[in-house]
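Heavy atoms only: backbone and side chains are in, while hydrogens, waters and symmetry mates are out.
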Amino acid sequence: MAYIACTTEKIFQDKTQLYDVYVDNQNVTTKIPALKELLRVTSSDRDKMTKLNNQRSAQLFSVQELGEHNMDEEEVFTLFFTEQNNRIFQTLLDVSMSMDRQLTSDHMKSMGLDPVHDRTFLMELVEAYGIDVMLMVDNPCCPK
């Protein structure tokens, strides 16, 4: 389990024994090797960022050009992450109800996750929620 705290005190940056992850504006760092891997930006992360930016641009266009309801930034982000969350859990539910219950790389990609680098996250998620699936994605030591 990792601990992330939020503070405006920059002095904590040098007190690495007090935290697992340190966030300074958009710079995220850790001294823990296992967490460093989780902080690496993957192509799936870039794709999600592009999708989020496109969603923000579409919302801005809808307001400026079409006169539609203005969603604030928080609503745009909430909608994006709610959709991501729903996609992940719906896919996990569908797979858990299938005959073989095998979660493949294609499933991972359809959820917007990286089959190799998001493997640990997904394993923790299915364990935390008791979702009965077998992770059949490629071995993380040997990506194709």
When rounded to the nearest 0.5 angstrom, what distance separates [atom1] in [X] from [atom2] in [Y]?
X	Y	atom1	atom2	result
Ile32	Leu39	CD1	CG	10.0 Å
Lys31	Lys36	NZ	NZ	6.5 Å
Lys48	Gln84	NZ	CD	5.0 Å
Leu60	Glu73	CG	CD	9.0 Å
Leu35	Thr29	CG	OG1	11.0 Å
Thr78	Asn85	OG1	CG	11.5 Å

Side-chain heavy-atom pair [X], [Y] within 4.5 angstrom cut-off:
X	Y	value
Lys51	Phe80	yes
Lys15	Tyr22	no
Glu83	Gln55	yes
Ile131	Val95	no
Leu79	Gln59	no
Val126	Leu135	no

Check: Ser96 side chain, Asp132 main-chain N or O, donor-acceptor pair, under 3.5 Å: no
Check whether any side-chain N or O of Tyr19 sits under 3.5 Å from a backbone N or O of Gln13 as a donor-acceptor pair, and report yes or no. yes
Which heavy-atom pair separates [X] from [Y] by the least distance, and what is that distance?
X	Y	value
Pro115	Met108	CA-CE, 3.7 Å
Leu122	Met111	CD2-CE, 3.9 Å
Asp114	Asp118	N-OD2, 2.7 Å
His107	Gln102	CE1-O, 3.3 Å

What is the ring orientation for Phe77 with Phe81, classed by angle as parallel under 30°, tilted 30 to 60°, or perpendicular over 60°? parallel
Indicate if [X] and [Y] have the same hydrophobic cluster label, given that clusters are the connected sets of ILVMFWY residues with side-chain heavy-atom separations under 4.5 angstrom.
X	Y	result
Leu92	Met97	no
Leu93	Tyr129	no
Val41	Leu52	no

State whether a side-chain donor-acceptor pair under 3.5 Å links Asp45 with Thr42. yes
